[in-house]
Structures are given as C-alpha cells and as structure tokens.
A.B. asks: 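First the structure, then my questions, so here it is.
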Amino acid sequence: MKKSIIWLASYPKSGNTWARIFLANYLANQDKPVPINQIYRFGIGDGIMSTYRMVAGGDFDIQDHALSLRLRQKVLRGIVANNADVNFVKTHNICASAYNVELIPDELTRSAVYFIRNPLDVTLSFARHFGRTKKEAVKALGNSNHVTTPDASNVWQYLGSWSDHVQSWTKEKPYPVLVIRYEDMLEEPEEAFSSLLKHIGIPVEQARLEKAIRFASFEESSKQEDEGGFKEASPKTEKFFTKGKSGQWQDELDSDLIKTTKRWHRKVMKKYGYLDD
C-alpha cells in the first residue's frame, strides 16, 4: 500500500479546522468560499462513526476499545486503498499506541502537519466545546490517560495530556512533520499557510493564497455557521466559531488554573514560546 496519508493533527481546539478550511479553499480555487459543511470532501477524519459502521457492516459496540481499534486499522487501509498519492486525514489522536495498537501507522504515513496552540487558550475553548468547567478542562489537559468517549458522531479518541500529545507528534519520526503555531496563523497567516502548502507539496500562488486565507477567515466561517450551522459543532455549545483569538486566558482564566497549567506543561510551553520564564 502507498504511504499516502498526510495527517492534519492537533490536540482539540488548536486550529485544525481553520487549517482544513483554508486548504479546502486553496485546492478548490473558486470565486466564492467553500461551504464549511463541505470541507470533508477535501479530507476525512480518522474517527468518524459512520465510516466505522460502514467498515463494520452495521452497528457495533462503540464502547468496545479493542473492536474500535481493529476497525480503525481497516478504516485507514481503506483510505489508502484509493491509490491516490495523497490523502489528507484529520486526527486528534496522540501519535502513540492504544491497547498495543499503533494509532498512526508509519507504513501508511507520507507526512504530518501538527497544529499547536497555547494550552491556556486551549483550556478555554476545550471547556466550551466539551461542556466542561475550566477546572475540569485544566485537569483533562494534564491527564496522561485522557480519552474522549464515543458518541453518535465519533469513536474513541486517545489524547493523553497536552504535553504528551505535543511531544508524541513532534519527536523524530521516519517521515517529515511540520509544526505550525495557531498564534502564527493569526499573526502571520501568509507565512504560516505558505509553509503548510510547501510542506505538502503544493505550489504557492500569491493571489490564490490571499483569497484562500480570506475565504477561511473567522468572520466568514462564523457567518456561514450562523446561516446554516456546522456539522462539526458540539451539541454542548451554541457555536463552534466563537472568538478566534489568542491570549483570552489572561482575562478569563483564574490565577490558580494558570499556575497549574504552567507547572504541568512548563517544558513544552517554553519550547514553543508560550513561557518566557
């Protein structure tokens, strides 16, 4: 089988969706934005429940870890079986093993793009998206055994702690990995998204780049969600696209939760420019 999967990977609420909307618009190169509910046409998620049911031949016990992981291997092999040179696959899974099963198989992987965001801001978005308190979100990001449970839309996702997740994807691998900070996507979008295109082997055309960035803007995506909803939105929050900013933690996160987050993730935060001391 071809090593055709390019992983679009991140801890939840770190810019993955934004990047996929940009990529869809760049690839489509249309004179109007790609509808946010059609970005799945340009890449598939690795945990979509309907795909697993299709591979299983019908309903299955979604609580069964071992069964879900066996189906996962079939899902991923089904993706590369199309014999395409590139298959974009979104994942929130840690790049490690779960129950002795490799979640991100080297033999199917061409490369990866890892989107990282300040965990202090991730905490706020995570709490809103999953219907948690901020304190619960901080604990979740610090839990090395953290998983998200299956529901009608997604199977198990194995996250680990925020630091575990980042380190799992950014350590040396047999394939190239590009790391893009959410904050750089905000501050220097042309540079950030150009690096994404170059990494996946797509020529950068300036006018097309600028248009795709504009079509993928927070304002455009939020407007589309207001008008027609968003399939990836959580039932536990009113909107998926809420603010699209960085540094909100300074006003919205209690000092004790800030201290805890910095203590638990100091090494990784410092490495990626989220801590000066």
Side-chain angles (χ1 to χ4, degrees), residues 1-16 18-20 22-23 43-47 69 72-73 75-77 79-80 84-120 122 141-148 156-185 188 191-202 204 261-276:
M1 287 187 174
K2 281 188 177 181
K3 293 186 174 184
S4 65
I5 294 179
I6 296 181
W7 297 99
L8 303 176
S10 70
Y11 201 86
K13 312 310 295 179
S14 300
N16 200 315
W18 180 13
R20 289 184 293 121
F22 162 79
L23 195 55
I44 189 172
D46 67 344
L69 288 167
R72 176 182 178 81
Q73 304 311 300
V75 166
L76 297 182
R77 281 168 171 72
I79 291 171
V80 301
D85 290 331
V86 170
N87 286 289
F88 296 109
V89 181
K90 168 205 169 182
T91 187
H92 288 316
N93 282 292
I94 192 170
C95 189
S97 297
Y99 296 89
N100 297 315
V101 174
E102 285 294 327
L103 296 171
I104 312 296
D106 290 351
E107 66 270 19
L108 304 180
T109 300
R110 179 183 178 119
S111 67
V113 183
Y114 187 73
F115 304 98
I116 183 173
R117 185 183 187 188
N118 190 328
L120 293 164
V122 172
L141 267 67
N143 181 3
S144 290
N145 296 314
H146 185 209
V147 298
T148 60
W156 293 97
Q157 295 181 86
Y158 304 88
L159 305 182
S161 74
W162 180 84
S163 288
D164 293 337
H165 201 281
V166 174
Q167 291 174 315
S168 77
W169 277 101
T170 58
K171 66 184 180 183
E172 186 175 349
K173 295 197 172 354
Y175 49 84
V177 179
L178 173 69
V179 179
I180 300 180
R181 298 194 331 153
Y182 179 89
E183 294 76 15
D184 295 332
M185 292 161 67
E188 299 288 344
E191 182 177 337
F193 288 118
S194 290
S195 69
L196 167 61
L197 294 172
K198 291 173 184 176
H199 177 77
I200 61 182
I202 298 176
V204 178
T261 298
K262 288 181 176 180
R263 185 173 71 252
W264 286 350
H265 306 294
R266 177 170 296 279
K267 179 181 177 181
V268 180
M269 288 181 72
K270 194 167 185 178
K271 179 177 180 180
Y272 289 98
Y274 298 128
L275 269 183
D276 295 326

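From a predicted model like this one, the values you see are computed outputs, not experimental measurements.
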A.B. asks: Apply side-chain contact (heavy atoms from CB on, under 4.5 Å) to Glu102 and list each qualifying residue two or more places apart in sequence or on a separate chain.
C.D. replies: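 Glu102: side-chain contact (heavy atoms from CB on, under 4.5 Å) contacts with Ser97.
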A.B. asks: Look only at the side chain of Arg110 and the backbone of Asp85, and say whether a donor-acceptor pair between them is shorter than 3.5 Å.
C.D. replies: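 Judged by distance alone, yes, a pair lies under 3.5 Å.
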A.B. asks: Kindly give the heavy-atom pair with the smallest separation between Ala84 and Ser4, and that separation in Å.
C.D. replies: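 Closest pair (atom of Ala84, atom of Ser4, distance): O-CB, 3.3 Å.
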A.B. asks: Could you walk me through whether Asn93 and Trp156 pass the side chain to side chain contact (heavy atoms under 4.5 Å, CB included) check?
C.D. replies: CA-CA 9 Å; Asn93 282 292; Trp156 293 97; over 6 Å; no
A.B. asks: Can you check side chain to side chain contact (heavy atoms under 4.5 Å, CB included) on Val113 and Phe88, steps first, answer last?
C.D. replies: CA-CA 10 Å; Val113 183; Phe88 296 109; over 6 Å; no
A.B. asks: How far apart are the C-alpha atoms of Trp162 and Met269, what are their side-chain angles, what is the distance that settles it, and do they pass the side chain to side chain contact (heavy atoms under 4.5 Å, CB included) test?
C.D. replies: CA-CA 10 Å; Trp162 180 84; Met269 288 181 72; 3.9 Å; yes
A.B. asks: Would you name the heavy atoms of Tyr274 and Arg181 that are closest together and state the gap between them?
C.D. replies: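 Looks like CE2-NH1, 3.6 Å.
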A.B. asks: Pick out which of Asn87, Thr91, Thr109, Asp46 makes a side chain to side chain donor-acceptor pair (under 3.5 Å) with Trp7.
C.D. replies: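 By the side chain to side chain donor-acceptor pair (under 3.5 Å) criterion, Trp7 pairs with just one of Asn87, Thr91, Thr109, Asp46: Thr109.
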A.B. asks: With no hydrogens and no angle check, is any side-chain donor or acceptor of Lys173 less than 3.5 Å from a backbone partner on Ser168?
C.D. replies: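 Between the backbone of Ser168 and the side chain of Lys173 there is a qualifying donor-acceptor contact (under 3.5 Å).
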A.B. asks: Testing the basics here: between Asp164 and Ser144, what is the closest heavy-atom pair and its distance to 0.1 Å?
C.D. replies: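 For Asp164 versus Ser144, the nearest heavy atoms are OD2-OG, 2.8 Å.
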A.B. asks: In Å, rounded to the nearest 0.5 Å, how long is the span from OH of Tyr114 to SG of Cys95?
C.D. replies: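 Rounded to the nearest 0.5 Å, the OH-SG separation comes to 10.0 Å.
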A.B. asks: Say whether, by atom type as modelled, one donor and one acceptor occur between the side chain of Glu183 and the main chain of Asn118 under 3.5 angstrom.
C.D. replies: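 Indeed, once roles are kept as given, a pair shorter than 3.5 Å links the two residues.
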A.B. asks: Please state whether the rings of Tyr11 and His146 are parallel, tilted or perpendicular, taking 30° and 60° as the class boundaries.
C.D. replies: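 If you compare the ring of Tyr11 with that of His146, the planes turn out tilted.
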A.B. asks: Rounded to the nearest 0.5 Å, what's the gap from CE on Met185 to CZ on Arg117? Could you check?
C.D. replies: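 Going from CE on Met185 over to CZ on Arg117, the span is 10.0 Å.
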A.B. asks: Among Val122, Thr148, Leu159, Leu141, find the one that has a side chain to side chain contact (heavy atoms under 4.5 Å, CB included) with Pro12.
C.D. replies: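 Checked Val122, Thr148, Leu159, Leu141 against Pro12; only one passes side chain to side chain contact (heavy atoms under 4.5 Å, CB included): Leu159.
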A.B. asks: Can you name the nearest heavy-atom pair linking Leu76 to Pro105, along with the distance?
C.D. replies: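 Taking every non-hydrogen atom into account, CD1-CD, 3.7 Å.
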A.B. asks: Report the distance from atom CG of Leu23 to atom CG of Leu196, rounding to the nearest 0.5 Å.
C.D. replies: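 So the CG of Leu23 and the CG of Leu196 are separated by 6.0 Å.
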A.B. asks: Do you know which two heavy atoms are closest between Ile94 and Leu103, and how far apart they sit?
C.D. replies: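 Minimum heavy-atom separation between Ile94 and Leu103: O-CD1, 3.5 Å.
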A.B. asks: Apply side chain to side chain contact (heavy atoms under 4.5 Å, CB included) to the pair Tyr175 and Lys3, showing each step before the final yes or no.
C.D. replies: CA-CA 10 Å; Tyr175 49 84; Lys3 293 186 174 184; over 6 Å; no
A.B. asks: First locate atom CD1 of Ile116, then atom NE2 of His165, and finally report the distance between them rounded to the nearest 0.5 Å.
C.D. replies: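 So the gap between those two atoms works out to 10.5 Å.
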A.B. asks: Between Ser163 and Trp264, does any side-chain donor sit less than 3.5 Å from a side-chain acceptor?
C.D. replies: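 No.
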A.B. asks: Can you confirm whether Glu191 is buried at CD, in the sense that more than 12 heavy atoms of other residues, nucleotides or ligands lie under 6.0 Å from that atom?
C.D. replies: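 Counting neighbours around CD of Glu191, 12 or fewer heavy atoms of other residues, nucleotides or ligands fall under 6.0 Å, so no.
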A.B. asks: As an exercise, state the distance from CD1 of Ile79 to NZ of Lys2, rounded to the nearest 0.5 Å.
C.D. replies: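 Reported value, rounded in 0.5 Å steps: 15.5 Å.
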A.B. asks: Hey, is the main chain of Lys13 close enough, under 3.5 Å, to the side chain of His92 for a donor-acceptor pair?
C.D. replies: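 No: the side chain of His92 does not pair with the backbone of Lys13.
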A.B. asks: Hey, are the side chains of Val101 and Tyr158 touching, using non-hydrogen atoms and a 4.5 Å cut-off?
C.D. replies: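 Answer no - side chains too far apart.
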A.B. asks: Could you go step by step and tell me if Phe115 and Trp169 meet the ring pair (Phe, Tyr, Trp, His ring centres under 6.0 Å) rule?
C.D. replies: CA-CA 10 Å; Phe115 304 98; Trp169 277 101; over 10 Å; no
A.B. asks: Is it the case that atom CG in Asp106 sees more than 12 heavy atoms from other parts of the structure closer than 6.0 Å?
C.D. replies: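 Yes.
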A.B. asks: So, for Asn145 and Asn143, which heavy atoms are closest and what is the spacing to 0.1 Å?
C.D. replies: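 Heavy-atom minimum between the residues: N-OD1, 2.8 Å.
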